[in-house]
Number of protein chains: 2
Amino acid sequence: MPTMSSLTIGALAKRTGVKIPTIRYYESIGLLPEAPRTGSNRRTYDDKAVNRLRFIRHARELGFEVEAIRQLLAMADDPGRPCRDADLLARTHLAEIESRIARLEALRDEVRRMVDGCAQDQVRSCHVIEVLADHAHCLHDRH
Amino acid sequence: MPTMSSLTIGALAKRTGVKIPTIRYYESIGLLPEAPRTGSNRRTYDDKAVNRLRFIRHARELGFEVEAIRQLLAMADDPGRPCRDADLLARTHLAEIESRIARLEALRDEVRRMVDGCAQDQVRSCHVIEVLADHAHCLHDRH
DNA sequence: TCTCGATCCTCCAGTCTCTGGAGAATTTAG
DNA sequence: CTAAATTCTCCAGAGACTGGAGGATCGAGA
């Protein structure tokens with residue numbers, strides 16, 4: 001049984017791998033809600049904050065911009081709304097995610113081929129550039 | 001039959017979707033080699049530059065840091081070396097790529113569920129946060 | 001209870017990755 | 001041969017952090 005604890009910002013940082021100044025920065029730009037303070041003005045966090053922050057961290061690592069994360073979080077915060085105006089938004093994000101998966105799979109196959117080639121002591125030429133450069137893997141119409 | 005052309009920086013920008021100042025910036029930090037200049041000091045590019053730049057753009061969009069891209073490009077530039085010291089590097093990148101694919105697939109499934117729920121006019125709760133927050137999808141041991 | 005090392009606070013300056021404007025030179029379309 | 005479009009360099013600004021200075025607070029041990 002976890003839960004029920006109130007975390008300091010340092011403990012939250014340790015639990016999520018996000019640095020303390022970064023946590024404060026996320027609060028300042030509204031990605032994280034303003035944390036409740038103790039009598040001596042220190043921020044306190046609960047398990048919900050841990051999940052939210054981990055989500056933000058992973059999404060950032062995956063290359064999503066803060067604005068996209070903000071939208072994703074807003075959908076998660078309000079599960080009733082997506083069925084109305086946020087539906088298109090969700091579909092757009094879905095297409096973007098699928099595009100990224102396709103490109104990453106192409107890159108993975110190519111890097112894997114490089115590694116395999118090494119295992120067999122073969123010398124192969126490397127096509128990582130061509131793979132990711134290939135426009136076919138890209139959903140955007142703006143280039 | 002394409003090829004054989006020498007591109008201006010503006011044409012390269014149009015072809016790749018990378019803005020002109022960004023192209024110059026990439027050159028300044030060494031991601032792109034110094035472009036040959038015309039008599040009047042203007043940069044010229046060939047098809048190889050197009051591919052390299054598209055690769056950089058896609059890799060950045062996928063969230064890879066400049067340093068990782070630099071390493072990937074170095075491997076591509078020198079296909080003989082990966083079999084020696086760069087093998088571990090390639091495997092590390094491979095693991096990172098696979099981790100990203102896994103996390104993106106989890107996110108995709110969840111967003112897809114949201115969209116599907118909308119299609120059926122159902123109200124579902126959204127678990128995108130829990131999905132990406134899940135440590136199981138994360139390869140890093142440093143958090 | 002007192003103390004001192006760890007942690008927190010705010011404020012602010014710096015880094016990295018772009019992005020865009022100013023002013024001047026060059027190219028190119030009409 | 002103009003006039004508009006492009007390019008050049010330099011430099012400033014934006015977005016997303018990151019870290020240090022100076023000061024307050026906490027918490028474990030003497």
Side-chain angles (χ1 to χ4, degrees), chain A residues 5-46 49-50 52-73 132 140 142-143, chain B residues 5-46 49-50 52-73 132 140 142-143:
Chain A
S5 54
S6 178
L7 301 172
T8 64
I9 196 171
L12 178 64
K14 229 159 258 167
R15 235 162 258 227
T16 59
V18 179
K19 290 170 185 170
I20 292 175
T22 306
I23 296 173
R24 293 198 271 247
Y25 170 72
Y26 285 156
E27 180 180 314
S28 79
I29 62 169
L31 265 194
L32 289 176
E34 293 193 10
R37 305 293 182 108
T38 67
S40 61
N41 199 35
R42 303 196 162 189
R43 292 173 179 82
T44 59
Y45 299 93
D46 57 14
V50 175
R52 195 178 180 91
L53 186 50
R54 278 195 180 139
F55 172 82
I56 294 170
R57 198 179 79 78
H58 282 148
R60 289 293 296 130
E61 279 184 10
L62 292 170
F64 290 93
E65 303 180 350
V66 165
E67 194 45 42
I69 296 171
R70 206 187 292 277
Q71 294 174 350
L72 253 6
L73 286 171
L132 262 200
H140 305 301
R142 53 169 160 82
H143 58 265
Chain B
S5 52
S6 176
L7 301 172
T8 64
I9 195 171
L12 178 64
K14 228 160 258 167
R15 236 165 258 227
T16 60
V18 178
K19 291 172 183 169
I20 292 175
T22 305
I23 295 172
R24 293 197 272 245
Y25 169 71
Y26 286 155
E27 179 180 316
S28 78
I29 62 170
L31 267 193
L32 289 176
E34 293 193 11
R37 305 292 184 111
T38 66
S40 60
N41 199 36
R42 305 199 160 185
R43 294 172 178 83
T44 59
Y45 299 93
D46 57 14
V50 175
R52 193 177 182 94
L53 186 50
R54 277 192 181 142
F55 173 83
I56 294 170
R57 198 178 81 79
H58 282 147
R60 291 292 297 130
E61 279 183 9
L62 292 170
F64 289 93
E65 303 179 352
V66 165
E67 194 44 44
I69 295 172
R70 208 186 291 278
Q71 294 175 350
L72 254 5
L73 286 171
L132 261 201
H140 305 300
R142 55 168 159 83
H143 59 267

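Chain identifiers are assigned alphabetically (A, B, ...) following the order of the sequence lines, protein sequences preceding nucleic acid strands; residue numbering begins at 1 within each chain.
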Item to check | Residues which pass side chain to side chain donor-acceptor pair (under 3.5 Å) with B/D46, listed by chain and number, not counting sequence neighbours | outcome: none
Next on the checklist: Between B/L72 and B/F55, does the side chain to side chain contact (heavy atoms under 4.5 Å, CB included) criterion hold? Intermediate values first, please.
Outcome noted: CA-CA 10 Å; B/L72 254 5; B/F55 173 83; 3.9 Å; yes
Next on the checklist: In this structure, how many angstroms lie between the C1' atom of D/dC17 and the CZ atom of A/R57, rounded?
Outcome noted: 14 Å
Checklist outcome for this item: Residues at least two apart in sequence or cross-chain that pass salt bridge (Lys or Arg N to Asp or Glu O under 4.0 Å) with A/E67, listed by chain then number, are A/R70
Checklist entry - Does a side-chain N or O from A/R43 land closer than 4.0 Å to OP1 or OP2 of C/dC8, or not? => result no
Checklist entry - B/L7 CG to D/dT7 P: how many Å, rounded? => result 11 Å
Checklist outcome for this item: Side-chain atoms of A/R37 come closest, of D/dT9, C/dT10, D/dG19, to C/dT10
Checklist entry - Are the side chain of B/R15 and the backbone N or O of B/R54 linked by a donor-acceptor pair below 3.5 Å? => result no
Next on the checklist: Quick check on DNA chain D: between B/N41 and A/R24, whose nearest nucleotide comes earlier from the 5' end?
Outcome noted: B/N41
Checklist outcome for this item: For residues 20-32 of chain B, the side chain to side chain donor-acceptor pair (under 3.5 Å) pairs (sequence neighbours left out) are B/E27-B/R43
Next on the checklist: Pick the closest DNA chain C nucleotide for B/I56 and for A/G10 by heavy atoms, then say which residue is nearer the 5' end.
Outcome noted: A/G10
Checklist entry - Under 3.5 Å, is there a donor-acceptor pair between the side chain of A/R52 and the main chain of A/L31? => result yes
Next on the checklist: What does the B/S/- profile of nucleotides 25-30 of chain C look like, 5' to 3', with a 4.0 Å heavy-atom cutoff to protein?
Outcome noted: BBS---
Item to check | Test salt bridge (Lys or Arg N to Asp or Glu O under 4.0 Å) applied to B/E65 - qualifying residues, sequence neighbours left out | outcome: none
Next on the checklist: Can you give me the closest heavy-atom contact between B/G10 and B/I20, atom names plus distance?
Outcome noted: CA-CD1, 3.9 Å
Item to check | Side chain of B/T22 (C-beta onward), nearest among C/dC9, C/dC18, D/dT18 | outcome: C/dC18
N/O-N/O pairs, protein side and nucleotides 14-16 of chain D side, under 3.5 Å:
unit_1 : atom_1 : unit_2 : atom_2 : d
D/dA16 : O3'    : A/R60  : NH2    : 3.4

